[in-house]
Each structure stands twice: as structure tokens, then as C-alpha cells.
Amino acid sequence: MTDRLLATDEQLTGEVVGVRYADTATGFGVIELDQEGDDPGVRCVGPLASVVEGQTITVVGRWTTHPRYGDTFEATFYEQTVPTTVAGLRSFLASDRFRNIPERSRERVLTTFGRGAGQVIEQDPGRLTDAAGIPAEHAQELHRAWREGLALAELVRLVEPCNWPMEAVRGAHAHFGAETVTIARDDPYALLDAGRVRFAQVDALARLLGIDEIDPRRLAAGARAAVAAARRTEGHQHLPRDACVDATAQLLGVDHVLAGDGVDAAIAAGSLAIEEIDDAEVVSTPTALETERDLALGLARLLLAERPRLTPFAALVRPASDLTEGQVQAVHAVFDHPVSVLTGGPGTGKTRTVEEVVLAAEAAGLEVALCAPTGRAAKRLEELVHRPATTIHRLLEARPDADGGFSFRYGRYEQVPFDVVIADEVSMCDTALAERLVSAIEEGAHLVLVGDPDQLPSVGPGDVLRDLVRCGVIPVTELTEIHRQAADSRIVGLARALLTGEVGELRGVDGDLFIAEEADRRAIVPRVVEAVAHRAPDYFGVGVDDVQVLAPMYRGPVGVDALNAALKEELNPARGRPDTGGFHIGDRVMQTRNDAELDVANGDVGRIVDLSRSEGTLRVAFPRGEVTYDRSQARELTPAWAVTVHKAQGGEWPVVILVCDRSHRMMLWRNLVYTAVTRARSALIVVGQTATLRAAAAHDRPSNRRTGLAWRLQQLVERQAPA
């Protein structure tokens with residue numbers, strides 16, 4: 001077979017007799033293909049994760065030689081063909097793709113049509129009922145599932161010249177199903193409705209299909225994509241119309257007249273909307289504008305409530321004697337106002353103030369709920385306040401919906417049964433999550449929003465906490481006094497120095513701050529590994545899981561990816577053990593998004609305690625219990641020996657190791673380093689160059705997210721407040 005190693009494409013046709021590996025996250029699969037002829041059992045690799053045993057396919061690609069497995073056919077794409085044997089059809093129809101069809105219906109089809117069953121299912125599904133006698137709904141489901149299988153292979157072939165990642169292919173197929181290729185050929189820009197499909201990908205496909213660069217469909221899609229990019233990468237809620245035209249022109253490479261036509265076309269089609277905010281025309285998606293509008297209306301509804309539940313108890317509140325004047329003021333603000341904001345940096349006593357609010361509300365016989373945006377932040381709040389806390393998603397009883405998002409039990413029509421709702425780490429709340437929370441609170445209940453506006457803003461669009469602080473219509477208490485027990489902390493001192501923009505001399509060991517100066521980048525990763533595995537646990541008397549490594553970026557020689565690889569090699573090496581999706585038993589992992597079905601939250605950190613390679617499952621032990629993941633769900637896990645600062649936000653660890661290297665300078669700005677420093681509870685170790693840390697302190701990146709929440713709130717409250 002080695003004499004057939006070619007540089008040009010070949011094709012093989014056969015029945016899939018084994019699926020050796022399938023990664024649904026990347027689309028990569030390894031199969032065994034049984035050809036009719038001289039070469040049974042061919043090993044094929046490539047975008048084959050969706051094929052199943054019994055399926056007959058044609059793979060297109062080239063022969064290569066694998067150093068371990070020998071001759072291997074490396075597929076570029078595949079096409080589904082009708083299985084040629086009854087046994088092959090039976091295996092294919094028994095796959096998960098047809099799990100909604102009862103076995104007796106599948107057998108009737110095979111008994112009636114034999115080897116011709118596939119052609120009937122695909123081309124004449126009515127005969128499945130007329131001749132085989134299966135229920136019409138089963139016939140329709142068979143036809144749909146069969147066509148979807150064809151559609152995925154056809155889509156892979158269509159976009160292969162454009163080098164689409166499998167993530168985008170699967171996103172489009174999941175959204176449009178059997179009609180994906182038809183829609184793509186008619187208007188490739190329509191695929192932007194699918195998750196994980198980007199403008200550059202559909203634009204490349206449009207070029208392939210001969211669509212002109214000034215085609216109205218391209219201009220409108222470009223305007224939509226420009227707004228989406230501004231929301232995704234910059235966190236803007238909207239763009240001024242002129243800025244939207246500029247961004248569209250730059251994205252499409254056209255003049256401003258054509259770009260303006262594209263913006264107008266997108267608005268006319270309803271994919272974008274225009275509104276006047278603070279005497280300026282702004283453009284965004286209809287959903288984004290509506291969500292921000294609903295958040296402002298919800299806050300105004302709470303602010304203007306006629307009978308707040310805590311007001312009768314305000315005069316009875318006697319805060320503890322150990323509270324500062326600012327903390328006492330914050331406690332009274334909660335009881336005096338339906339909505340209040342509490343801010344402050346590390347060591348100022350935000351959590352102690354929250355604890356006092358909880359005690360006072362409980363003494364008044366009121367029901368209190370504690371929540372935070374992520375699982376890690378909720379657990380930290382629970383540990384510090386000594387009361388149950390949950391994620392906002394869990395509080396609202398989120399459930400996955402058919403579009404890959406969430407539906408919520410609690411919201412505008414059924415609200416949570418609590419008198420006081422306290423949300424911590426609100427700087428992490430984007431506009432959509434904040435609106436969900438506010439809409440679920442009963443009129444008359446009290447909402448307390450706690451956070452540090454100097455930390456990183458939310459990953460999603462919006463600037464909720466800062467907007468609430470600057471709107472001028474919500475009571476804000478900022479705690480500034482450092483408590484005695486925190487005054488001597490060099491971690492707290494460094495955090496405050498970062499906010500001034502000037503960091504003084506940093507010595508090797510200074511209280512709870514440790515500087516490991518390292519100019520040689522090649523020595524940073526080994527030094528971090530040594531600190532995590534040996535030095536930090538021995539010196540501080542903590543476990544390895546109490547030490548968290550943070551870095552600003554994933555990529556690079558000292559990024560999170562490189563750190564995770566080195567830490568895994570030291571702490572839990574593979575050594576030929578079985579894996580699922582690259583994970584091994586003993587790996588430390590983090591959940592990267594809320595999953596209501598599994599009841600795990602973004603930021604939850606756990607350890608893999610079991611796996612099944614054949615079934616593609618992982619069992620992960622979290623503090624709340626063990627959870628079993630399938631291959632698809634496991635793609636939401638990421639190694640957690642080291643994490644980015646963004647992922648660490650809301651968490652706190654006894655010992656934090658911060659990698660601060662010149663190679664990270666494009667990401668090293670003041671609020672990012674401040675956020676990293678404030679994750680350390682007892683000790684902070686900075687590995688890298690102190691000059692880089694000082695440069696980050698001087699590199700202020702003030703929040704300039706374009707939002708309308710503060711203006712909307714001002715308008716609503718001024719119009720509705722009694723004279």
C-alpha cells in the first residue's frame with residue numbers, strides 16, 4: 001500500500017466497521033473502513049467524528065504513513081452513500097442518529113425493503129407508511145435523520161475549499177439541519193444565524209459561490225457582523241451610527257456610501273435596529289437594545305416600588321460595633337432603598353457588610369438569597385458569609401433550550417420568593433444576565449448589588465456595575481477604609497498601588513507577597529511547576545489544589561496552554577493511560593459555561609475521577625458532587641492547573657502564582673493585573689519581571705464600553721418619580 005502515497009486527492013468507498021475515536025468538539029475522528037476489494041480494514045482519520053458504524057461513506061483525501069499505525073488515509077471530507085448490505089443498514093439504523101425511531105419500526109423497514117431501504121428512506125418516505133406500515137411520524141423522523149446525515153457530509157464538502165473549522169460546520173448543521181446546504185447555496189450569509197459561524201467564513205464561501213463584493217446581501221451581512229464584532233470583542237451594547245458605518249466599511253473593504261447602504265439594509269431587514277440614546281442615533285441588534293431597555297425598566301420598577309418590604313424595619317437596624325462608618329451606611333442603604341450598590345476594593349469589608357445585612361434581614365424574619373455569576377464566586381460567597389449561595393442561573397432555575405441557550409423558570413411572570421436578593425461580583429454580569437436577575441425579583445423586594453468596578457468588566461456586552469454607579473439614581477456606598485487585619489497585607493497594598501498607576505519597589509519576600517524575578521523566559525515555566533508541585537505546598541502548608549496559577553493569555557511560551565501542559569506532565573502525566581478527549585483520571589478541570597442539564601456552573605473546578613474511552617464519558621468530582629459528561633458536554637471542560645485571569649475572576653485561592661512576562665504585554669493592563677492580585681487570599685507569588693508589573697500598572701485601560709443603561713435609568717426615574 002505504501003506505493004500509493006500520493007500528493008493528489010484519492011477517494012475510498014466502504015462501510016464503517018469501527019469508530020476508534022470521535023471528538024465532537026473538533027470534529028476529528030478515527031474510523032475503520034471496510035472496502036469491497038483488496039484492502040479491508042483501512043484506517044481513516046479526519047473530520048469523521050459524526051460517522052457511525054454501519055454507515056457507507058466515500059472519503060476523499062490522500063494516503064499518509066503514521067509512525068505508529070502505518071498506512072493511514074487522511075480524509076479531507078466525506079460523503080454518505082447508501083449502505084450496500086442489510087447488515088450494514090441494520091447497524092447504521094441502530095446508531096444514535098436514529099434513536100427516536102423504535103426498533104420494531106426500523107426492522108419493518110428492513111424486512112420490507114431489504115437493501116433498498118436506504119433509497120426509499122431518502123427519496124420516497126411515503127412508502128415507509130404505505131408499504132411497511134410504520135407510523136407516519138416514524139417515517140418522517142427516519143427521513144429527517146437520514147437527510148441530516150447527508151447534509152453534514154455535503155456541507156463539509158461544500159466548505160472544504162474555504163477551510164472552515166469543524167466547529168463552524170457543526171454549528172451551521174445543528175442550526176439548519178437537512179436544509180443547510182440548500183440555504184448556503186442560496187444565501188451563505190444566512191448561515192450567520194447559526195452559532196459559532198463567523199463572517200469571514202461565510203464571506204469566503206460567498207466568494208467561492210460567485211457572490212459579488214457589493215452584493216446587497218453581503219453589505220447587510222457585513223453591517224450585522226461589524227456590530228456583532230464590536231459586542232463580542234469590545235463589550236459594546238451598541239455603536240453610534242457613524243461608527244457602525246466606519247466599522248462596516250473597514251470589514252468589507254468598501255466605501256462609506258456602500259457601507260451605509262449595508263447598515264440601512266440590515267435595519268430594514270430587522271437584523272439590526274436603530275434607536276436614539278442621549279440625542280445620538282445608535283445601532284445594535286434588536287435583542288440587545290430590547291434587553292438593555294428591559295433591564296432599565298426592571299430596575300426602575302424596583303426603585304419606584306411603593307411598599308418596600310424592609311422599610312418598616314429600617315429603624316430597628318443596629319449594626320455591629322465592629323463596622324466602619326461606611327459599612328454602617330451600606331447596611332442602612334439596603335434597608336432604606338429597594339435597590340442599592342455596595343463597592344470597594346480588597347480589605348475594605350464588603351463581605352463583612354453583606355454578612356451584617358443577612359443577619360439583620362434574618363432577624364426581621366425575611367427570606368434572603370445569595371447569588372453570584374459563576375460557581376466559583378458563589379462558593380466563595382457561601383464560605384465567607386456562612387450561608388448557602390448559588391449561581392444566578394441556579395437561582396432562576398435555568399434549563400437548556402433547543403437553541404443551545406437557556407430558558408428560566410423565574411422571570412417576569414414568575415418571580416423568586418425572596419425578600420432580599422444579594423448578588424456578588426456584579427462586575428462580571430453582562431447586560432443579559434443582569435436583566436434576567438432583575439426581572440425575576442418581586443416589586444417590593446430589595447436588591448443588593450455588590451462588586452468592585454476596578455476589576456475586569458464582564459466578558460459579555462455591557463458595563464452594568466459601572467453604569468449603576470454612575471447613573472446617579474441608585475444609592476451607592478463605596479467602602480474605602482482598609483480594615484486593621486488587612487492593613488499589613490502586602491497583597492492589599494499592591495492592589496491599591498496598582499490602581500494609582502505607580503508600584504513601588506518589590507522585594508523578594510515581603511509579608512504575604514513573594515517576587516520570583518526571572519528575566520529568562522525559558523526558566524519561567526519550570527519555576528512555576530516547581531513552586532506548584534513542591535515549594536508552595538511545603539512552605540505554606542497547603543495542598544496542591546490550594547495553589548492556582550494565573551496568566552493573562554492562553555498562547556505563547558509562558559501562556560496558560562504551555563503552563564497547563566508542563567503542570568500536567570509533573571502532577572498527572574499521561575504515561576500511556578487511556579483518555580477521553582485528551583483528559584485523564586486525576587486531571588484538574590474547570591467548567592467554562594453554565595450547563596443546567598448537568599447542574600454545573602461556569603467557573604466550577606473539579607477533578608476527573610473516572611472515564612470510559614469506549615463510551616466517551618468522563619466523571620468529574622466537584623465540591624457539590626460527581627457529574628458524568630459525554631463527549632459533547634466534555635468540550636466545555638478546560639484544564640485548570642493554570643487558568644486565565646478572566647476565568648479566575650470571582651474566585652479566590654489561598655496561594656496564587658501570577659505569571660507576569662513581557663510576552664504578555666498586549667494583555668497586561670491595570671484592571672487585569674489588579675483582578676489577578678485580588679484573587680490571592682493568603683499569599684501571592686509573582687513570577688516574571690517586576691518591570692513588566694510596573695508597566696501594567698501604568699497601562700490604564702478605562703472602560704469605554706458604549707452602553708445606554710445609565711441614561712435609560714436616569715430618564716425613567718426622572719419621568720416616573722413623584723414631584
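For reference, positions follow the sequence shown, starting with 1. Note that the coordinates shown come from a computational prediction; the quantities given were computed from them, not determined experimentally. Side chains are part of it too, since the values below use all heavy atoms of this structure and drop only hydrogens, waters and symmetry mates.
With sequence neighbours left out, R217 forms a side-chain hydrogen bond (donor to acceptor under 3.5 Å, both in side chains) with D215. In this structure T182 satisfies the side-chain hydrogen bond (donor to acceptor under 3.5 Å, both in side chains) test with no other residue, sequence neighbours excluded.
Looking at D187, D212, D203 one by one, the single match for side-chain hydrogen bond (donor to acceptor under 3.5 Å, both in side chains) with R218 turns out to be D203.
D661 and Q689 form a side-chain donor-acceptor contact under 3.5 Å, judged by distance and modelled atom types alone.
The pair E234-R706 does not count as a salt bridge, with every side-chain nitrogen at least 4.0 angstrom from each carboxylate oxygen. The pair D561-R555 fails the salt-bridge criterion, with no side-chain N (NZ, NE, NH1 or NH2) lying under 4.0 Å from an Asp/Glu carboxylate O. Classification of R712 and E275 as a salt-bridged pair holds, one side-chain N sitting under 4.0 Å from a carboxylate O. A salt bridge links R224 with D193; the closest basic N to acidic carboxylate O contact falls under 4.0 Å. Taking 4.0 Å as the cut-off between side-chain N and carboxylate O, D430 and R705 do not count as a salt-bridged pair.
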**OP:** Could you give me the CA-CA distance, side-chain angles and deciding distance for T678 and D454, then say whether side-chain contact (heavy atoms from CB on, under 4.5 Å) is met?
**Re:** CA-CA 11 Å; T678 54; D454 291 318; over 6 Å; no
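With a 4.5 Å cut-off on side-chain heavy atoms, V558 and M553 do not count as touching.
The number of heavy-atom neighbours closer than 6.0 Å to CD1 of I214, taken from other residues, nucleotides and ligands shown, is 12 or below.
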